[in-house]
Student: 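Take a look at the following structure, please.
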Amino acid sequence: TAAAVVTTSAWTRQRLDELYELPADRMHVARPGVDAAALAPGTTAGDALLCVAAVTAGKGHDVLVSALATATDLPWRCTCVGSLVRDAAFADGVRRTSKRSGLGDRVRFAGPRTGRALDRAYATADLLVLASHAETYGMVVTEALARGLPVLATDVGGVTEALGHAEDGTRPGLLVPPGDPAALGAALRAWLCDAELRGRLRRAARERRAS
């Protein structure tokens, strides 16, 4: 009986159509916006990884930790920003797994951040990593791109749409299948080991920043 249904991505619109066969003229897409932000400078090594998501099963932090454990021979550090109490049992399990995997202080679970503290987290990062199992859009993807920060994410839901492309068609990040630590680990390794790849993705992210 709704006069209109507004979705945050074309993917979600299509999914609702598949599930409920809603009239096409009553479904509308309004993609979320993002505040303008200063350019994240990045580092030469590109080894500062950032995950911004509540530590819940749906966001795939267990997959992320398993992927990071495959790259302990490389220099990196990963800060996970997001609630540790929304699914406390899962969050505790992920932190225990991180310690058992020998990641030590290289993975930091910082809890939620907002305002300037969140801005600083983005500003000091080289790559946003998002291992979600599902996303209707992916606001953190656009928050990263607003700062010219490349993205490594799972190819789910509206994430591909949020990531978009630079003017020359280059994608400003890497996409991997969900729930696949090996694929995520291989993409992390590629980012950390290939300076040319980092440069290409950074250029694309900075171009995408304008749109």
Side-chain angles (χ1 to χ4, degrees), residues 37 39-56 59-84 91 94-95 97-99 101-113 117-133 135 138-156 159 162-163 171-202 204-206 208:
L39 183 68
T43 65
T44 302
D47 59 1
L49 311 176
L50 174 67
C51 177
V52 180
V55 185
T56 63
K59 297 297 183 179
H61 288 80
D62 51 344
V63 178
L64 174 58
V65 166
S66 295
L68 291 170
T70 69
T72 53
D73 58 311
L74 299 173
W76 54 264
R77 63 190 186 283
C78 181
T79 300
C80 295
V81 171
S83 173
L84 297 169
V94 168
R95 285 185 286 182
T97 299
S98 178
K99 291 179 180 178
S101 300
L103 301 181
D105 295 333
R106 300 178 73 179
V107 179
R108 177 172 172 253
F109 293 91
R113 293 288 183 271
L118 181 58
D119 287 339
R120 285 194 295 271
Y122 278 116
T124 56
D126 290 301
L127 179 72
L128 178 80
V129 185
L130 185 67
S132 296
H133 295 284
E135 290 285 350
M139 277 302 302
V140 294
V141 173
T142 53
E143 288 177 2
L145 293 174
R147 296 161 170 82
L149 198 64
V151 175
L152 167 56
T154 46
D155 190 2
V156 293
V159 167
L163 189 58
R171 187 173 277 157
L174 302 170
L175 292 172
V176 298
D180 190 337
L184 185 59
L188 284 168
R189 185 171 290 274
W191 165 267
L192 292 167
C193 295
D194 190 339
E196 183 179 346
L197 174 66
R198 291 197 300 274
R200 183 167 69 250
L201 295 183
R202 279 173 173 158
R206 291 179 181 190
R208 178 76 171 106

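Heavy atoms only: backbone and side chains are in, while hydrogens, waters and symmetry mates are out.
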Student: Rounded to the nearest 0.5 Å, how far apart are CG of Leu127 and CG of Leu188?
Tutor: 7.0 Å
Student: Hey, are the side chains of Leu74 and Cys193 touching, using non-hydrogen atoms and a 4.5 Å cut-off?
Tutor: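 Leu74 reaches Cys193 side chain to side chain.
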Student: If every non-hydrogen atom of Ala40 is compared with every non-hydrogen atom of Ala125, which pair is closest and at what distance?
Tutor: CB-O, 4.4 Å
Student: Using side-chain heavy atoms (C-beta onward) and a distance below 4.5 Å, is Thr97 in contact with Asp62?
Tutor: no
Student: Is there a donor-acceptor pair under 3.5 Å between the side chain of Arg106 and the backbone N or O of Thr72?
Tutor: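 Answer holds: yes.
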Student: Minimum heavy-atom separation for Ala162 and Arg208, please, with both atom names.
Tutor: O-NH2, 3.1 Å
Student: Show the numbers, then the answer: is there a side-chain contact (heavy atoms from CB on, under 4.5 Å) between Cys51 and Leu64?
Tutor: CA-CA 9 Å; Cys51 177; Leu64 174 58; 4.0 Å; yes
Student: Is the shortest heavy-atom distance from the side chain of Leu149 to the side chain of Glu143 under 4.5 Å?
Tutor: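 Counting from C-beta outward, Leu149 and Glu143 never come under 4.5 Å.
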Student: Between atom OG of Ser83 and atom CZ of Phe109, what is the distance when rounded to the nearest 0.5 Å?
Tutor: 12.5 Å
Student: In Å, rounded to the nearest 0.5 Å, how long is the span from CD of Glu135 to CG of Asp155?
Tutor: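 Between Glu135 CD and Asp155 CG, I get 12.0 Å after rounding to 0.5 Å.
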Student: Can you find a pair of side-chain heavy atoms, one from Leu145 and one from Leu163, that are under 4.5 Å apart?
Tutor: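 When only atoms from C-beta onward are counted, Leu163 and Leu145 do touch, with a gap below 4.5 Å.
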Student: If you compare all heavy atoms of Val176 against all heavy atoms of Ala187, which two are closest, and at what distance to 0.1 Å?
Tutor: CG1-CB, 3.8 Å
Student: Are any non-hydrogen side-chain atoms of His61 and Val107 less than 4.5 angstrom apart?
Tutor: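 The answer is no, as the side chains (C-beta and beyond) never meet within the 4.5 Å cut-off.
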Student: Trp191 side chain to Leu174 main-chain N or O, any donor-acceptor pair under 3.5 Å?
Tutor: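 No: the side chain of Trp191 does not pair with the backbone of Leu174.
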Student: Look at the side chain of Thr154 and the backbone N and O of His133, then say whether any donor-acceptor pair between them is shorter than 3.5 Å.
Tutor: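 No: the side chain of Thr154 does not pair with the backbone of His133.
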Student: Donor-acceptor check, side chain of Ser98 to backbone of Val94, threshold 3.5 angstrom: yes or no?
Tutor: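 Absent.
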Student: Give the intermediate values and the outcome of side-chain contact (heavy atoms from CB on, under 4.5 Å) for residues Leu68 and Cys78.
Tutor: CA-CA 9 Å; Leu68 291 170; Cys78 181; 4.0 Å; yes
Student: Between Asp126 and Thr43 (side chain of the first, backbone of the second, donor and acceptor by atom type, cut-off under 3.5 Å), is there such a pair?
Tutor: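 Yes, the answer is positive, given that a donor and an acceptor are paired below the 3.5 Å cut-off.
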Student: Please round to the nearest 0.5 Å and tell me the distance separating atom CZ of Arg108 and atom SG of Cys80.
Tutor: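 If we round to the nearest 0.5 Å, Arg108:CZ and Cys80:SG are 10.5 Å apart.
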Student: In Å and rounded to the nearest 0.5 Å, what is the CZ to CG distance from Arg120 to Leu118?
Tutor: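 Here the rounded value is 10.0 Å.
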Student: Taking the side chain as C-beta and beyond, is there a heavy-atom pair between Arg95 and Leu84 under 4.5 Å?
Tutor: yes
Student: Which atom pair, heavy atoms only, marks the closest approach of Thr44 to Arg198?
Tutor: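 Of all heavy-atom pairs spanning Thr44 and Arg198, the closest is O-NH2, 3.2 Å.
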Student: Does Arg77 pair with Asp105 as a salt bridge, N-O distance under 4.0 Å?
Tutor: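 The answer is no: the pair does not qualify as a salt bridge.
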Student: Once you round to the nearest 0.5 Å, how far does OG1 of Thr142 lie from CG of Leu128?
Tutor: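 Going from OG1 on Thr142 over to CG on Leu128, the span is 10.0 Å.
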Student: Any idea which heavy atoms bring Leu192 and Gly46 closest together, and the distance?
Tutor: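 For Leu192 versus Gly46, the nearest heavy atoms are CD2-O, 3.7 Å.
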Student: Can you give me the closest heavy-atom contact between Ala123 and Pro41, atom names plus distance?
Tutor: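 For Ala123 and Pro41, the tightest heavy-atom pair comes out as O-CD, 3.5 Å.
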Student: May I ask you to decide if Pro150's main-chain N or O and Arg202's side chain share a donor-acceptor pair within less than 3.5 Å?
Tutor: no
